[in-house]
Structures are given as structure tokens and as C-alpha cells.
Colleague: 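Quick one: structure below, then a few questions.
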Amino acid sequence: MEFFVVYIQEAHPEDGWQTDSNVAAQIVYRQPKTSDEREHLADACRLGLSLSVPILIEEMDNAIDEAYGAAPNRGYVVGLDGKVWFRGGVGPHFFDLDEWERAIETCVKEQVSGRSRKR
């Protein structure tokens with residue numbers, strides 16, 4: 001099992017809808033216009049949050065964000081076959097950690113038993 005953070009477009013850019021809490025925390029960035037700018041912000045996020053999981057950076061077309069409704073802070077469990085086993089509520093307030101854990105367990109069991117049957 002692998003875990004990733006997928007860095008998408010800025011939710012609260014300086015040149016868009018900014019929040020007072022971001023301003024107070026000095027988390028103020030413009031919406032990236034290039035892949036390099038987005039990569040730079042993803043790295044700032046990784047450092048600022050001390051993330052150790054790999055970060056995947058979305059292309060500038062924002063297709064992942066649009067397809068998965070990733071903002072804000074969505075957690076997903078996606079099986080090897082692409083099946084979505086869990087879609088967390090709009091977070092962080094509606095993210096159910098227990099439900100997420102059960103989905104991971106179910107997905108792993110199903111993926112393992114499915115591989116066993118195919119052998």
C-alpha cells in the first residue's frame with residue numbers, strides 16, 4: 001500500500017479568495033501560472049508541514065481536482081484497479097478517520113483475495 005499527497009491548485013491564493021488565518025500564519029501565495037511555480041509551492045507545503053509522504057503534483061489543467069473534487073483536503077482510497085473505495089468528506093471537518101481506516105482494510109483484503117483467486 002502506498003500513500004501520496006496530491007498537490008493541486010491553491011485553495012486560498014493571494015490573488016483569489018484568501019483567508020484571515022492564512023494571512024496571520026503568513027501562508028500567502030499567488031495562484032501558480034506554471035508547473036515550476038506549482039512545484040515550488042508543493043515543496044514549500046512539504047517543508048512547512050514536515051511531510052514525509054511523497055507529493056505528486058497535478059498538471060496545470062487541474063483535471064485531478066475537477067475529477068475528484070479534491071478541494072478542500074479530500075482523502076481517497078483508490079484500489080490498484082482504479083476503484084474508489086473511500087471519498088472523504090469535505091475536510092478537515094467532515095473527514096471520518098475511522099471510515100477511512102475501514103475502507104483501507106476492506107480495499108487491501110479485496111485486492112489480496114482478488115489476486116489469490118487469479119493465481
Side-chain angles (χ1 to χ4, degrees):
M1 172 157 301
E2 296 181 72
F3 291 88
F4 300 97
V5 168
V6 180
Y7 190 87
I8 60 172
Q9 63 185 317
E10 280 296 301
H12 305 290
E14 178 181 31
D15 52 340
W17 180 61
Q18 184 55 263
T19 63
D20 293 338
S21 61
N22 278 15
V23 173
Q26 298 181 346
I27 303 171
V28 181
Y29 300 104
R30 297 184 66 73
Q31 189 67 260
K33 304 288 187 230
T34 67
S35 296
D36 287 342
E37 289 175 356
R38 185 170 279 178
E39 185 175 339
H40 172 75
L41 291 184
D43 195 45
C45 176
R46 181 186 58 78
L47 292 171
L49 296 173
S50 300
L51 297 176
S52 60
V53 297
I55 297 179
L56 306 176
I57 302 168
E58 179 174 34
E59 297 290 336
M60 295 306 292
D61 63 4
N62 301 318
I64 294 170
D65 187 12
E66 291 176 22
Y68 284 87
N73 303 331
R74 284 282 171 88
Y76 283 83
V77 175
V78 181
L80 296 172
D81 60 357
K83 177 181 176 181
V84 175
W85 289 85
F86 174 80
R87 178 181 184 207
V90 176
H93 307 292
F94 298 103
F95 182 82
D96 185 329
L97 188 58
D98 293 332
E99 186 180 353
W100 182 61
E101 186 176 335
R102 285 190 300 275
I104 290 170
E105 291 170 357
T106 303
C107 177
V108 169
K109 286 178 189 172
E110 184 69 26
Q111 299 285 291
V112 169
S113 68
R115 277 194 235 149
S116 299
R117 287 186 292 230
K118 291 179 182 177
R119 290 182 185 191

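The model shown is predicted, which means the values in this text are computed figures rather than measured ones. For the single chain, residues carry numbers from 1 onward in sequence order.
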Colleague: What residues join F94 in its hydrophobic cluster, counting side-chain heavy atom gaps under 4.5 Å, either direct or through other members?
Modeller: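 Its cluster partners, ordered by chain and number, are none at all.
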Colleague: Among the clusters formed by ILVMFWY side chains lying less than 4.5 Å apart, do F3 and V77 turn up in the same one?
Modeller: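 In one cluster with F3: V77, yes.
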Colleague: Would a hydrophobic clustering, with Ile, Leu, Val, Met, Phe, Trp and Tyr connected at side-chain separations under 4.5 Å, put I8 with V28?
Modeller: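 The answer is no; the residues belong to distinct hydrophobic clusters.
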Colleague: How would you list all residue pairs meeting salt bridge (charged side-chain N to carboxylate O under 4.0 Å, His left out) that involve residues 19-32, not counting sequence neighbours?
Modeller: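 Qualifying pairs: D15-R30.
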Colleague: Give every donor-acceptor pair under 3.5 Å between a side-chain atom in residues 48-63 and any protein atom, sequence neighbours left out.
Modeller:
unit_1, atom_1, unit_2, atom_2, d
E58, OE2, A63, N, 3.0
E58, OE2, I64, N, 2.5
E58, OE2, D65, N, 2.9
D61, OD1, A63, N, 3.1
N62, OD1, R38, NH1, 3.1
N62, OD1, R38, NH2, 2.9

Colleague: Mind checking what makes side-chain hydrogen bond (donor to acceptor under 3.5 Å, both in side chains) contact with Y29, not counting sequence neighbours?
Modeller: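 Result, side-chain hydrogen bond (donor to acceptor under 3.5 Å, both in side chains) vs Y29: none returned.
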Colleague: Do you reckon I27 sits in the same ILVMFWY cluster as W17, going by side-chain contacts under 4.5 Å, direct or chained?
Modeller: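 They do not share one cluster, since no chain of ILVMFWY contacts under 4.5 Å joins I27 to W17.
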Colleague: Extract all donor-acceptor atom pairs below 3.5 Å that involve side chains of residues 99-107 and protein atoms in other chains or at least two apart in sequence.
Modeller:
unit_1, atom_1, unit_2, atom_2, d
T106, OG1, R102, O, 2.9

Colleague: I need the full list of salt bridge (charged side-chain N to carboxylate O under 4.0 Å, His left out) pairs touching residues 75-84, with sequence neighbours left out, sorted by first then second residue.
Modeller: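 Qualifying pairs, neighbours excluded: none.
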Colleague: Heavy atoms only: give me the nearest A42-Y7 pair and the separation to one decimal.
Modeller: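 Answer, listing the atom of A42 first, then Y7: CB-CG, 3.6 Å.
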Colleague: Please name the residue in the list K33, H40, E39 that meets the side chain to side chain contact (heavy atoms under 4.5 Å, CB included) test with E37.
Modeller: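 With E37 as partner, K33, H40, E39 yield a single side chain to side chain contact (heavy atoms under 4.5 Å, CB included), made by K33.
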Colleague: Tell me, please, which residues at least two apart from D43 pass salt bridge (charged side-chain N to carboxylate O under 4.0 Å, His left out).
Modeller: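 With neighbours one apart ignored, the set is R46.
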Colleague: Which heavy atom in G79 sits nearest to a heavy atom in Q111, and how many Å separate them?
Modeller: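 Shortest heavy-atom separation between G79 and Q111 comes out as C-OE1, 4.0 Å.
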Colleague: Between Y76 and F4 (judged by ring centroids, cut-off 6.0 Å), do the two rings come close enough to count as a pair?
Modeller: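 No, they do not, as the ring centres are separated by 6.0 Å or more.
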